[in-house]
Amino acid sequence: MNSFSPKVVRINLAERSYDIVIAPGAMGDSTSYRDLPTATTAVIVTNTTVAPLYAARLRQALLARFTDVKVVALPDGEQYKTWQTLNLIFDALLGGGCDRKTVLFALGGGVVGDMTGFAAASYMRGVPYVQVPTTLLAQVDSSVGGKTAINHPLGKNMIGAFYQPVKVVCDLDTLRTLPPRELSAGLAEVIKYGPIADLDFLVWIEANVVALLSSDSIALGYAIKRSCEIKAWVVGQDEREAGLRAILNFGHTFGHAIEAGLGYGEWLHGEAVAAGMVMAAKLSQRLGMVDQGFVERLAALIRRAGLPVVGPHLSDVDNAGRYLELMRVDKKSEGGEIKFVLIDGPGTAVVRGAPDALVREVIDACCLRE
Ligand code: NAD
Ligand code: GLY
């Protein structure tokens, strides 16, 4: 059977540059880690679902390089992306006598990755960390680019830091144990790269969505590589989101409101982004930037990927008002004005505001009726 040939995508950020290795079996291969900083101690941060699947394999590979490899398993779920859970990492690091050369390994999805990155950014004012993403979403997006964060009850990813990993190791084999719902959620972040940056990639996803959903490793490998290349191109120009990087948040303004409004963990992040992309595309259409055909094309692909194309009701009293309230607590907001990532012709994105009345109309048109 054919298998995906290993690929390396480079993130170019001067002295903070690093490689993303994409290969079947990469996690358990000790050569994936031979260029890491010298240290005696490694700490694998993972969760209670991923630990029994992969922690022993990663630990074994790391023992070829580190004398002491500890494992910290956090509770699993978006609702645990909090200060309390972050403190469990610090408890383990301080309790285990970890010094400032200790290397952290984030083994898991985006929740583990974002929290481990934030812990690495702040433990002893900064220790190196490696991302070992095990969900599709984390392999195509969250493990790359150095955004780290925890949630606050009032807003998603509101407390965090920009802090780059020293390496990203994407093992395609880990995706074999991923539940289908999580695979679909990851596809949302794959699909987003098409409308914002690469129409050819959108065409490729449309032609390969069945292969992707059936976990075809060649299709998944290509989707991960192309997604990482696009993200590398964006992050390489705008590491700290002074401008361009915001386009990676296509669908996220509405999506974050859905996640916070329903309660973290109710809808998966990728599901909320999927419905959010349809809303953002619809808003783009209402502003005359794309035609209705493009909105329908995007929604059709999102539906085929097993993802929602309509948003949930967040309030029985004033649903659109509740969305607007939640969306104002967004890192892109300026002086209370909500900024949306909109599609300015297929394959190009812009960040701009929109009149509240128009946003209300779009929300009304795009939300589930009870
Ligand atoms: P997740 O981390 O919650 O993982 C999804 C589920 O899959 C969890 O239950 C996890 O335990 C399980 N899992 C992980 N790997 C598995 C495997 N190989 N086999 C079986 N089960 C496995 O969710 P996610 O979708 O990976 O990440 C979402 C998070 O990422 C959100 O918090 C979001 O805000 C964040 N995010 C961050 C960035 C960024 O740039 N930092 C970008 C996108 C999303
Ligand atoms: N996921 C959005 C970003 O990395 O900027």
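First listed ligand is number 1; within each ligand, the first listed atom is number 1.
Every N/O-N/O distance between H252 and ligand 2 stays at or above 3.5 Å. Of the polar atoms of D76, at least one N or O is found under 3.5 Å from an N or O of ligand 1, judged by distance alone. Between R245 and ligand 1, no pair of N/O atoms sits closer than 3.5 Å. Looking at V111 next to ligand 1, an N or O pair under 3.5 Å apart turns up. Considering both main-chain and side-chain atoms, K231 comes within under 3.5 Å of ligand 2 through a nitrogen or oxygen pair.
Below 4.0 Å from some heavy atom of K231 lie the following atoms of ligand 1, by number and element: 40 (O). Each of the atoms 31 (C), 32 (O), 33 (C), 34 (O), 35 (C) of ligand 1 lies under 4.0 Å from some heavy atom of K81. The atoms of ligand 1 that sit less than 4.0 Å from any heavy atom of Y54 are 18 (N). For ligand 1, the atoms lying closer than 4.0 Å to a non-hydrogen atom of N157 are 34 (O). The K147 neighbourhood of ligand 2 comprises atoms 2 (C), 3 (C), 4 (O), 5 (O), with distances under 4.0 Å to a heavy atom of that residue. Near K147, meaning under 4.0 Å from one of its heavy atoms, ligand 1 places the atoms 40 (O), 41 (N). Listed by number with element, the atoms of ligand 1 under 4.0 Å from a non-hydrogen atom of D114 are 35 (C), 36 (N), 37 (C), 39 (C), 41 (N). The contact set between ligand 1 and V50, taken as ligand atoms under 4.0 Å from a residue heavy atom, comprises 11 (O), 13 (N), 14 (C), 15 (N). The atoms of ligand 1 that sit less than 4.0 Å from any heavy atom of K156 are 31 (C), 32 (O), 33 (C), 34 (O).
Scanning all protein heavy atoms for the shortest distance to atom 31 (C) of ligand 1 gives E78 OE1, 3.1 Å. Looking from atom 28 (C) of ligand 1 to the surrounding protein, the closest heavy atom is L137 CD2, 3.8 Å. Regarding atom 21 (N) of ligand 1, its nearest protein heavy-atom neighbour is P179 CD, 3.9 Å. Taking atom 30 (O) of ligand 1 as the reference point, the nearest protein heavy-atom neighbour is G110 CA, 3.3 Å. With respect to atom 15 (N) of ligand 1, the closest heavy atom belonging to the protein is T134 OG1, 2.7 Å. For atom 22 (C) of ligand 1, the closest non-hydrogen atom on the protein side is L178 CD1, 3.8 Å. Looking only at heavy atoms of the protein, atom 14 (C) of ligand 1 is closest to T135 CG2, 3.3 Å.
With contacts defined as side-chain heavy-atom distances shorter than 4.5 Å, the pair I150/D114 does not qualify. V130 has its side chain within reach of V103: a pair of non-hydrogen atoms, C-beta onward, lies under 4.5 Å apart.
When the heavy-atom distances from atom 19 (N) of ligand 1 to L74, T177, V273 are ranked, the shortest goes to T177. Of the listed residues (H269, E182, M27), the one carrying the non-hydrogen atom nearest atom 6 (C) of ligand 1 is E182. Of the candidates G108, G109, S142, the one placing a heavy atom closest to atom 36 (N) of ligand 1 is S142.
Residue contacts with ligand 1 include E189, since one or more of its heavy atoms lies under 4.0 Å from the ligand. Residue contacts with ligand 1 do not include E259, since none of its heavy atoms lies under 4.0 Å from the ligand.
With side-chain heavy atoms closer than 4.5 Å counting as contact, directly or through intermediates, L268 stands alone and belongs to no larger hydrophobic cluster.
No side-chain donor-acceptor contact under 3.5 Å links N249 and K192. There is no side-chain donor-acceptor pair under 3.5 Å between T82 and Y264. D29 and T31 share a side-chain donor-acceptor pair at under 3.5 Å. Between the side chains of E259 and H252, not a single donor N or O lies within less than 3.5 Å of an accepting N or O.
Proximity of the aromatic rings of Y222 and F4 is defined here by a centroid distance below 6.0 angstrom, and this criterion is not met. Taking the ring centroids of Y33 and F66, they lie at or beyond the 6.0 Å cut-off.
Rounding to the nearest 0.5 angstrom, the gap separating the CD1 atom in I224 from the CD atom in Q139 is 4.5 Å. For the atom pair CD of Q285 and CD of Q292, the computed distance is 4.5 Å after rounding to the nearest 0.5 Å. Rounding to the nearest 0.5 Å places CD1 of I196 at 9.5 Å from CE of M277. R297 contributes atom CZ, which lies 12.0 Å from atom CD1 of I302 (distance to the nearest 0.5 angstrom). Rounded to the nearest 0.5 angstrom, D238 CG and W233 CH2 are separated by 10.5 Å.
Within the 4.0 Å heavy-atom criterion, the part of D141 lying near ligand 2 is the side chain and not the backbone. Contact annotation: for L175 versus ligand 1, there are no heavy atoms closer than 4.0 Å. Residue-level proximity to ligand 1 for N47 is carried by the side chain, the only part with a heavy atom below 4.0 angstrom. When heavy-atom distances to ligand 2 are checked against a 4.0 Å cut-off, E189 has no atom that comes that close, whether in backbone or side chain.
Ion pairing between K331 and E241 fails under the 4.0 Å rule for side-chain N and carboxylate O.
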Would Y123 and T102 count as a side-chain hydrogen bond (donor to acceptor under 3.5 Å, both in side chains) if you check the C-alpha gap in whole Å, the side-chain angles of each, and the deciding distance to 0.1 Å?
-> CA-CA 10 Å; Y123 185 68; T102 302; over 6 Å; no

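A side chain to side chain donor-acceptor pair (under 3.5 Å) check over residues 66-75, counting only residues at least two apart or in different chains, returns the pairs D68-K70.
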